[in-house]
Amino acid sequence: MPPERQDVDFIVVGSGMAGVHAAQTLVDAGARVLMLDGGATAQPATEPPAGKSFVALRQNDREQHRYFLGDRLEAIATPAGRPGSQLTPTRRFIVDHVDRWLRFHSDSFAPMESLALGGLGNAWGAGCYHFSDRDLEDAGLPAAEIRSGYQLIADRIGVQGEDDDTSAFCGGPIQRLQPVMDMDAAASALYARYRSRRQAMLARGLHMGRPALAVLTRPMPGREPVAFHNMDFYADNERTAYRPWCTLDVLRRNPLFEYRGDVVVTDFVESADRVTVSGRSASGSDPRALQFAGRSLVLCSGAIGTMRIVARSLNGMDRAFPILTNPCDYLLGIQPARIGKSLGERLSSFAQLALFYRPRGEEHPVFSGGSVYTYQALMLFRLAREAPLSFALSRDLLQFLQTSLLMIGMTYPDWPTRDNFLKLTPDRDSPTGDTLTAAYRMSERQEMMRTRTLGAIRRHLPGIGCWIASAVRGKNGFSSHYAGTVPYSPDERPFALAPNGRLYGTGRVYVADSAGFRFLPALGLTWTIMANAHRVARGLVAPR
């Protein structure tokens with residue numbers, strides 16, 4: 001059967017953060033681009049009405065159970081700890097078709113993958129963190145090119161931020177940042193106390209400031225500034241927070257670009273003048289094998305998805321591929337002075353503050369980093385089912401404490417080790433003929449960092465009015481930060497990437513997502529993924 005399309009310059013696989021920005025750079029240079037994607041989307045019936053605040057919907061909407069609990073109460077019924085369990089019902093489409101097409105089994109690693117239009121970017125917390133030159137070098141990325149990419153992406157998507165004690169990690173030397181949005185009363189009180197004891201906190205290695213967020217405070221074409229409806233976990237009605245489909249909507253109006261959803265790409269075959277990509281219908285609406293051909297292929301399926309495609313295409317079955325992820329902890333903080341006090345009217349579910357722990361006095365100190373959230377628009381049952389009390393007692397206690405609660409998510413860096421790997425193994429019961437397995441455990445170095453970080457937070461945050469009530473270790477993979485499966489290498493070797501993103505052993509296949517990163521600092525990597533995707537794509541069209 002001949003391929004459905006043969007006249008495109010580039011086939012881009014995946015519509016997440018890497019895919020849409022690689023495609024935009026290619027199209028801007030005049031290239032013809034076909035994007036292949038799983039294409040799962042939200043059901044309109046589950047979407048909350050636009051322009052309504054969380055409080056207004058809770059008080060007045062008779063259909064609120066559909067988007068807060070789910071038609072089948074899936075928000076309650078899904079076991080805590082399962083990949084995707086942290087998603088709200090309106091975001092659950094992100095994992096549609098995954099159980100069927102992306103088979104996975106592991107007792108030590110629990111990743112979240114997606115076949116949705118926009119991929120995991122639909123649930124991105126919008127945090128924009130920049131890697132230092134040292135981080136970029138360790139990751140195998142060219143610092144100067146990524147830095148210029150940070151600015152280009154910030155101009156494309158809109159980023160808010162300010163100069164403070166976390167600027168070394170968030171935002172960085174980026175021009176044209178939008179003003180930061182207002183904080184709620186609980187976060188404002190914590191930040192005010194931090195600033196009153198700033199020098200003492202910095203001396204202890206704790207840095208607090210405003211996160212850089214891809215959330216608008218000033219309008220951009222087709223997008224509105226934050227309205228403080230506090231529905232950020234449930235809807236994107238005003239397009240305030242950047243999502244990959246914001247870029248995809250613009251691309252689909254360009255005659256050089258074509259989007260083909262409902263395609264699970266399985267493998268590729270390269271010939272002298274083209275690459276042929278094979279796939280299947282994600283929804284099962286078309287039983288045929290699907291094929292598409294283009295002059296070059298750009299894989300943007302995420303570190304794990306790209307590894308699957310590469311392993312099937314280059315005889316990598318049963319081979320151990322490295323995997324990087326940021327181990328994480330979830331801390332529950334209480335501000336006793338805030339019990340029973342109002343959070344104010346201008347509320348947002350995005351991170352209110354950024355928090356980093358970097359011990360002083362070390363020549364090249366690594367650090368732990370995270371975000372501080374006020375617990376407002378998530379159902380309290382999410383906390384109650386984790387508490388060491390009966391559900392009824394936990395519910396009553398949390399209702400009393402809610403306006404004083406802070407959620408702190410901390411992450412730790414990761415380096416490749418032989419103990420942590422992915423392996424694609426044959427499976428006759430899988431529609432793709434394989435299942436991905438994994439092994440992962442934290443290293444002694446990471447465990448030491450975790451102990452030091454949690455100890456410092458427990459000791460020093462009470463000095464600014466916040467006591468840590470509990471700390472829950474996230475399952476390995478729950479940070480949704482993945483990298484390193486097909487790493488960059490200056491020397492040609494199998495299942496690795498050249499510095500320009502070309503997959504060694506091929507002439508026309510490139511990788512533009514985080515599969516190539518050889519190191520993960522304790523930072524969100526989404527901004528770096530977008531900047532690198534632009535870098536790889538620009539290299540492909542520079543001679544044109």
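Ring geometry, His130 versus Tyr150: the interplanar angle exceeds 60°, so the pair is classed perpendicular (tilted spans 30 to 60°).
Ion pairing between a basic and an acidic side chain is recognised when a charged N comes within 4.0 Å of a carboxylate O; Asp236 and Arg91 show such pairing.
Under the salt bridge (charged side-chain N to carboxylate O under 4.0 Å, His left out) criterion, Asp434 pairs with Arg312, not counting sequence neighbours.
Thr435 and Asp427 share a side-chain donor-acceptor pair at under 3.5 Å. A donor and an acceptor atom, one from each side chain of Tyr129 and Asp135, are nowhere located under 3.5 Å apart. With no hydrogens or angles considered, a side-chain donor-acceptor pair links Tyr242 and Thr247 at under 3.5 Å.
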Check the pair Asp329, Arg450 against salt bridge (charged side-chain N to carboxylate O under 4.0 Å, His left out), reporting the backbone distance first and the verdict last.
CA-CA 9 Å; Asp329 282 304; Arg450 178 178 188 268; 2.8 Å; yes
Go through it in stages, so that I can follow the logic: the residues are Thr485 and Thr306, the test is side chain to side chain contact (heavy atoms under 4.5 Å, CB included), and I'd like the CA-CA distance, side-chain angles, deciding distance and then a yes or no.
CA-CA 8 Å; Thr485 53; Thr306 289; 5.5 Å; no
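Side-chain rings of Phe169 and Phe356 approach one another, their centers coming within less than 6.0 Å. Here the two rings, on Phe68 and Phe54, have centers that are under 6.0 Å apart.
Legend: salt bridge (Lys or Arg N to Asp or Glu O under 4.0 Å) pairs involving residues 346-355, not counting sequence neighbours, sorted by first then second residue: Asp182-Arg346.
Side-chain contact between Leu525 and Phe131 is present, with heavy atoms from C-beta onward closer than 4.5 Å. In this structure, Arg338 and Leu190 have side chains that are not in contact, with every pair of non-hydrogen atoms separated by 4.5 Å or more.
Between Gly369 and Ala522 the shortest heavy-atom distance is N-CB, 3.6 Å. Closest approach of Tyr373 and Ala351 over heavy atoms only: CE2-N, 3.3 Å.
Among Arg452, Arg441, Arg473, the single residue meeting the salt bridge (charged side-chain N to carboxylate O under 4.0 Å, His left out) criterion with Glu447 is Arg473. For the side chain to side chain donor-acceptor pair (under 3.5 Å) test with Asp165, the passing option among Arg198, Arg195, Arg210 is Arg198; the others fail.
No more than 12 heavy atoms of other residues, nucleotides or ligands lie within 6.0 Å of NE2 in His105, so this atom counts as exposed by the packing criterion.
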